[in-house]
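First the structure, in the form of structure tokens, and then the observations on it.
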Amino acid sequence: MSPRSKKEYLQAVHRRYKNASRRVKSSILDEFCSNCGYHRKHAIRVLRHFKRFTQAKQKKKGKKSFYNQETTLKPLKCIWLKANLPCSKRLKATLPLWIPGYAQTYGSLANETVNALLA
């Protein structure tokens, strides 16, 4: 049996299997296993999880990222690169030491930006 014909047969059997009683399901499984050559347990899984017309689920929209603002992201990236790419925990610990030097080199930062970086 070709893969395409197996899929068509699966669609037909799935409708019957879904609406059948427990006793009828057993006979449907026997028939399905003998026709497709599947083991019984695999056939149960295939029939139970078959989805005919499904669309991809949309990703849930969550809270916007805190660091997407350009005023916060630019100094954060610069300090991260100059500090030799530390992990987030170490970057958080080094930010209070680096912010004064960044302010002297590139100009002062707004209080909102400093608070966002240190938060």
Side-chain angles (χ1 to χ4, degrees):
M1 188 178 264
S2 70
R4 184 175 180 181
S5 59
K6 278 186 182 181
K7 196 167 194 177
E8 290 171 358
Y9 183 64
L10 174 62
Q11 287 179 354
V13 171
H14 172 70
R15 290 184 199 139
R16 288 189 310 157
Y17 186 80
K18 183 178 170 187
N19 297 325
S21 66
R22 188 172 184 163
R23 288 183 183 169
V24 178
K25 282 184 180 182
S26 178
S27 62
I28 292 172
L29 272 174
D30 291 336
E31 171 196 330
F32 186 69
C33 290
S34 64
N35 288 335
C36 291
Y38 294 148
H39 291 282
R40 191 174 180 85
K41 194 66 177 179
H42 179 68
I44 291 170
R45 289 185 188 121
V46 168
L47 287 170
R48 192 180 325 139
H49 297 294
F50 178 74
K51 295 189 175 152
R52 190 163 172 214
F53 299 110
T54 56
Q55 295 179 350
K57 292 182 180 179
Q58 293 181 351
K59 292 183 179 179
K60 292 182 180 179
K61 294 183 179 179
K63 192 170 119 178
K64 287 188 177 180
S65 178
F66 187 71
Y67 296 106
N68 276 346
Q69 301 168 358
E70 188 62 33
T71 57
T72 308
L73 200 56
K74 185 178 177 184
L76 189 61
K77 275 186 178 179
C78 183
I79 293 172
W80 179 65
L81 289 169
K82 298 288 182 183
N84 199 15
L85 312 173
C87 67
S88 60
K89 288 182 181 181
R90 291 184 177 170
L91 179 64
K92 185 176 180 179
T94 59
L95 276 176
L97 303 172
W98 282 78
I99 288 178
Y102 180 87
Q104 286 176 352
T105 307
Y106 297 101
S108 63
L109 296 169
N111 281 341
E112 297 170 358
T113 304
V114 172
N115 292 337
L117 290 173
L118 295 178

Legend entry - Heavy atoms from other residues, nucleotides or ligands near NE2 of H49 exceed 12 (cutoff 6.0 Å): yes
Inset, instruction - Would you confirm whether S27, through its side chain, and V24, through its main-chain N or O, come within 3.5 Å as a donor-acceptor pair? - result: yes
Legend entry - Separation of F32 CZ from H14 NE2 (nearest 0.5 Å): 11.0 Å
Legend entry - Inter-residue atom distance R40.CZ - S34.OG, 0.5 Å rounding: 10.5 Å
Legend entry - Nearest-0.5 Å distance that lies between atom CD in E8 and atom OG in S2: 7.5 Å
Inset, instruction - Considering non-hydrogen atoms only, spot the tightest contact between P86 and W80 and give its length. - result: O-NE1, 3.0 Å
Inset, instruction - Flag yes if more than 12 heavy atoms outside R90 fall under 6.0 Å of its CZ atom; otherwise flag no. - result: no
Inset, instruction - Output the distance between atom CG (L47) and atom NZ (K18), rounded to the nearest 0.5 Å. - result: 12.5 Å
Legend entry - Donor-acceptor under 3.5 Å (T105 side chain, Y102 main chain): no
Inset, instruction - Look up atom CG in L91 and atom CH2 in W98, then write down how far apart they are to the nearest 0.5 Å. - result: 10.0 Å
Inset, instruction - Output the distance between atom SG (C33) and atom CD1 (I28), rounded to the nearest 0.5 Å. - result: 11.5 Å
Legend entry - Side chain to side chain, Y17 and I44, heavy atoms closer than 4.5 Å: yes
